[in-house]
Amino acid sequence: MTAPTTSIDYAALKSGGIIMQKDEDFYALRLRLPGGCILADLLPKIAQVAKRYGRGEIRLTVRQGIEIPWIKFKEIEAARKELAGAGLALGPCGQRFRTVTACPGLPVCRRALADSQSFALQIDRKFGGLQLPHKFKATVSACPNACSRPLENEIGFCAAVQPYMEEDACMGCGLCVDICREKALFLQNGKPQLDETRCISCADCMQSCPTDAWKTNRMGYAVYVGGKNGRHPMLGEKIADFVDEEQGMRIIERCLDFYLQYGNKRERLGETIRRVGMDEFKAAVLQ
Ligand code: SF4
Ligand code: SF4
Ligand code: SF4
């Protein structure tokens, strides 16, 4: 049976994570899973809802989410309630601050420099679902490998560590020089020297040193803004380095103020920045 089209606000449904399929008799429910993380105990509930109300299919979205398709309009509310009863909320969609993605980070990934999951959760709790001129995506990566694609989101955080060397602790083995894939280190008079223009702050040198001669000078997140995928992809631009979580939250807040003030309807943040000017944007956001 086709849903009564005259009385349905499809945009409002979509905004709340209920997405009409091509076959208009059916809808997909999108779950809110910040960082793409879900407890194993909740998976049977998702499977149960997919079997009871859908066709037993579960789909993974490109942004670490889970969708349950093939739900009839009249059964959406029952399915939603059943999910909510298990603590599974639907994710924001449409012109809103979307569920925040993140790489696994500490303590799971051996390359991680930060707890990207907890920062993503913090961002999602504060800003997730806010109504904005257009969709707004955010992500957190825990090292410069940038697995969650911080340059392809409206705002992307990428953890980094700037090293410095305590010369007295260095025995000149050259291991760090060999390990640095960016060729940012070279030996001079038997001791490694750092070329800061090549260093990407990955901390590989620190982790390889047998005498712990490399220490942390600065650490925090690099912040990229204005990236997006889609029909006209744009890469985000770096606006800040080594910010902590508190500073990062403030940057997001000011970024949203700017977007709400200057963003046109259905204009992505990167397009707003391009139209208004990066200098104006930075002046507003990096106060
Ligand atoms: S971005 Fe770095 S820490 Fe995160 S998953 Fe990739 S390699 Fe691991
Ligand atoms: S932090 Fe990474 S890029 Fe920089 S010197 Fe060390 S290994 Fe090389
Ligand atoms: S790995 Fe450590 S000890 Fe060896 S050259 Fe580098 S800083 Fe010195």
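Residue indices begin at 1 and follow the sequence shown. Both ligands and their constituent atoms are indexed starting at 1 by order of listing.
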> Is it the case that Arg198 places NZ or CZ above or below the six-membered ring of Phe186, under 6.0 angstrom from the centre and within 45 degrees of the axis?
Replying inline: no
> Looking at Tyr224 and Cys158, what are the two nearest heavy atoms and their distance?
Replying inline: CE1-CB, 4.0 Å
> Numbering the atoms of ligand 1 from 1, which are under 4.0 Å from a heavy atom of Pro104?
Replying inline: 5 (S)
> So, for Thr99 and Asp124, which heavy atoms are closest and what is the spacing to 0.1 Å?
Replying inline: CA-OD1, 3.3 Å
> Between Arg52 and Glu75, is there a side-chain N and carboxylate O pair less than 4.0 Å apart?
Replying inline: no
> Is the side chain of Arg275 donor-acceptor paired with the backbone N or O of Tyr262 at a distance under 3.5 Å, no angle test?
Replying inline: yes
> Can you name the closest pair of heavy atoms from Thr211 and Cys170 and give their distance?
Replying inline: OG1-CA, 4.3 Å
> Looking only at protein heavy atoms, which one is nearest to atom 4 (Fe) of ligand 1, and how far off is it?
Replying inline: Cys103 SG, 2.3 Å
>> Whether the Ser15 and Arg96 side chains hold a donor-acceptor pair (N or O, under 3.5 Å, no angle test) is what I'd like checked.
In response: yes
> Tell me, which protein residue and heavy-atom name are nearest atom 8 (Fe) of ligand 3, and how many Å apart are they?
Replying inline: Cys170 SG, 2.4 Å
> What atoms of ligand 3 come within less than 4.0 Å of a heavy atom belonging to Gly174?
Replying inline: 4 (Fe), 5 (S)
>> Taking 4.0 Å as the limit for heavy-atom contacts, which would you say applies to Cys109 with ligand 1: side chain only, backbone only, both, or neither?
In response: side chain
> Is Lys183 paired with Asp195 through a side-chain N to carboxylate O contact shorter than 4.0 Å?
Replying inline: no
> Atoms of ligand 3 less than 4.0 Å from Thr211 heavy atoms?
Replying inline: 3 (S)
>> I'd like to know if Glu253 and Arg250 make a salt bridge, using a cut-off of under 4.0 Å between side-chain N and carboxylate O.
In response: no
>> Show me which atoms of ligand 3 lie under 4.0 Å from any heavy atom of Ala213.
In response: 7 (S)
> Residues two or more places apart in sequence or in another chain: which of them pass salt bridge (Lys or Arg N to Asp or Glu O under 4.0 Å) with Lys215?
Replying inline: none
> Does a side chain donor of either Asn153 or Arg98 reach within less than 3.5 Å of an acceptor in the other side chain?
Replying inline: no
>> I'd like to verify the contacts: list protein N, O or S atoms under a distance of 2.8 Å from atom 4 (Fe) of ligand 2.
In response: Cys199 SG
> For Arg254, which residues count as a salt bridge (Lys or Arg N to Asp or Glu O under 4.0 Å) partner, sequence neighbours excluded?
Replying inline: none
>> At less than 4.0 angstrom from any non-hydrogen atom of Cys176, what atoms of ligand 3 do you find?
In response: 1 (S), 5 (S), 6 (Fe), 7 (S)
> Can you name the salt bridge (Lys or Arg N to Asp or Glu O under 4.0 Å) partners of Glu67, sequence neighbours left out?
Replying inline: Arg30
> atom 6 (Fe) of ligand 1: which protein heavy atom is closest, and how many Å away?
Replying inline: Cys147 SG, 2.3 Å
> Should you measure from each heavy atom of Met171, which atoms of ligand 3 turn up under 4.0 Å away?
Replying inline: 3 (S), 8 (Fe)
> Any heavy atom of Ser208 sitting closer than 4.0 Å to ligand 3?
Replying inline: no
> At a 4.0 Å threshold, what atoms of ligand 3 neighbour a non-hydrogen atom of Pro210?
Replying inline: 1 (S)
>> Under a 4.0 angstrom heavy-atom cut-off, which atoms of ligand 1 come close to Ala112?
In response: 3 (S)
> Can a donor-acceptor pair be found between the side chains of Glu82 and Tyr53 at a distance below 3.5 Å?
Replying inline: yes
> Does Ala102 offer a backbone N or O that forms a donor-acceptor pair with the side chain of Gln64 under 3.5 Å?
Replying inline: yes
>> I'd like to check which ligand 3 atoms, numbered from 1 as shown, lie under 4.0 Å from a non-hydrogen atom of Cys209.
In response: 1 (S), 2 (Fe), 3 (S), 7 (S)
> What are the atoms of ligand 1, with element, lying closer than 4.0 Å to any heavy atom of Asn145?
Replying inline: 2 (Fe), 7 (S)
> Which atoms of ligand 3 have any heavy atom of Trp214 under 4.0 Å away?
Replying inline: 6 (Fe), 7 (S)
> With a 4.0 Å heavy-atom cut-off (strictly under), which part of Ala146 contacts ligand 1: side chain, backbone, both or neither?
Replying inline: backbone
> Which residue supplies the protein heavy atom nearest to atom 2 (Fe) of ligand 1, what is that atom called, and how far is it?
Replying inline: Cys143 SG, 2.3 Å
